[in-house]
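Order of appearance sets the numbers: ligands from 1, and atoms from 1 within every ligand. The structure displayed is predicted, hence computed values, not measured ones. All values below come from the heavy atoms of this structure, side chains included, with hydrogens, waters and symmetry mates left out.
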Amino acid sequence: MKRIALLTRDCGGVNAAIRAVVRTAVARGLAVEGVMRGYEGLMSGDFIPLDRRSVSNIIGLGGTILKTARAEEFCDEPGQKAALAQLRARGVDGLIVIGGNGSLAGARVLAERYGFPVVGIPATIDNDVPGVESAIGADTAVNVALDALDKIRDTATSLERIFVVEVMGRKCGWLAMQVALAGGCEEVLLPEKDVPIEAVSEEIREGSRRGKASWIIVVAEGRASAADVASAVTANTGFETRIAVLGHIQRGGSPTAIDSIMAARLGNAAADALADGRTGGLVHLVGSRVEFLSFGAAGDVKKIDIESDYRLLKILS
Ligand code: F6P
């Protein structure tokens with residue numbers, strides 16, 4: 001193997017992972033091509049050479065210096081073949097993909113359908129990659145959302161109001177659960193657990209009779225919108241509600257130390273795995289040890305243990 005390419009999505013810690021991949025690959029005698037705008041750039045051949053200097057001072061930057069994009073065309077065979085042709089035209093003999101389930105699904109197609117050497121690095125705020133305990137960017141997203149939530153609490157407490165805060169996570173409730181626990185919230189509504197709004201409303205009515213005056217309800221985007229939850233709570237209780245949709249701020253920001261360190265370990269391990277011919281899977285951390293997991297070996301959906309964290313939230317709230 002002489003030349004590898006690197007393709008990314010965006011979240012906190014991705015630039016730190018780019019740095020680790022490039023510097024490890026260079027140390028192993030490999031040339032590195034950065035793929036601009038994810039699979040879109042892979043199909044159109046938008047590559048830039050990356051060396052040790054091109055990744056200087058990016059370790060603490062949010063987002064991805066390589067930009068990213070959604071590329072539906074890559075889901076079909078002509079797009080996949082165009083991408084392979086671009087890789088071969090540049091003499092690229094291995095690919096590292098940093099991203100979440102969508103990006104890693106693309107990586108798996110290249111590896112399994114076309115036999116191209118690919119190694120994945122899980123990076124997503126949703127933390128929903130099957131078989132992977134922690135993805136790069138998830139801890140940063142929890143901290144960014146927690147910072148916003150703490151500010152919302154100041155107003156919720158001062159004005160004695162009910163706030164419904166919507167967090168991202170696609171179909172997974174992991175991010176919402178972490179934010180609710182870390183923020184000491186009263187309730188969390190998740191795709192994985194059916195807590196009816198009527199029950200939440202009854203709890204609010206009962207709390208209000210005891211003199212409780214403010215609530216923060218976190219809702220995962222995969223369960224419902226904050227607007228729908230807030231209007232149902234108002235309809236059931238007669239209390240005013242306010243909403244906050246945290247949106248894409250959760251995907252931005254400088255990585256936490258946890259994410260930067262994970263990015264260093266996984267970026268290094270992915271470049272080593274490719275150089276050593278261990279491909280067709282992803283690298284991830286089990287504790288502080290890096291493990292290699294073949295694509296598809298972990299099933300299609302990540303299982304998360306919501307029940308014990310949910311019980312804890314209710315005991316403490
Ligand atoms: O997968 C990361 C994520 O931020 C999800 O939490 C969210 O549902 C989605 O991406 C938003 O996608 P887009 O940036 O394309 O709107």
Would you say Arg9 has any N or O atom under 3.5 Å from an N or O of ligand 1, going by distance alone?
->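 In this structure, Arg9 places no N or O atom under 3.5 Å from an N or O of ligand 1.
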Enumerated ligand 1 atoms positioned under 4.0 Å from heavy atoms of [X]:
X: Gly169; answer: 6 (O)
X: Glu221; answer: 5 (C), 6 (O), 7 (C), 8 (O)
X: Arg70; answer: 10 (O), 12 (O), 13 (P), 15 (O)

Knowing that exactly one of Thr140, Asp10, Asp126, Thr124 qualifies, which makes a side chain to side chain donor-acceptor pair (under 3.5 Å) with Arg251?
->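 When side chain to side chain donor-acceptor pair (under 3.5 Å) is applied between Arg251 and each of Thr140, Asp10, Asp126, Thr124, only Asp10 qualifies.
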For [X] and [Y], indicate whether the former's side chain and the latter's backbone hold a donor-acceptor pair under 3.5 Å.
X: Asn143; Y: Asp139; value: yes
X: Asn15; Y: Gly60; value: no
X: Asp259; Y: Ile136; value: no
X: Gln250; Y: Gly247; value: yes

List the closest protein heavy-atom neighbour of [atom]: residue, atom name, distance to the nearest 0.1 Å.
atom: atom 6 (O) of ligand 1; answer: Asp126 OD1, 2.6 Å
atom: atom 16 (O) of ligand 1; answer: His248 NE2, 3.3 Å
atom: atom 9 (C) of ligand 1; answer: Arg170 NH2, 3.5 Å

With a distance cut-off below 6.0 Å to the six-membered ring centre and an angular limit of 45° from the axis, does Arg90 pair with Phe47 as a cation-pi contact?
->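 Cation-pi check for Arg90 and Phe47: passes.
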Can you tell which part of Ile125 has a heavy atom less than 4.0 Å from ligand 1: side chain, backbone, both or neither?
->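 The side chain, only.
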Using heavy atoms and a threshold below 4.0 Å, how should the contact between Arg251 and ligand 1 be classified: side chain, backbone, both, or neither?
->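 Contact part for Arg251 vs ligand 1: side chain (C-beta onward).
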Establish whether Leu285 and Ile18 are linked, either directly or via other cluster members, by ILVMFWY side-chain heavy-atom contacts under 4.5 Å.
->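 In one cluster: yes.
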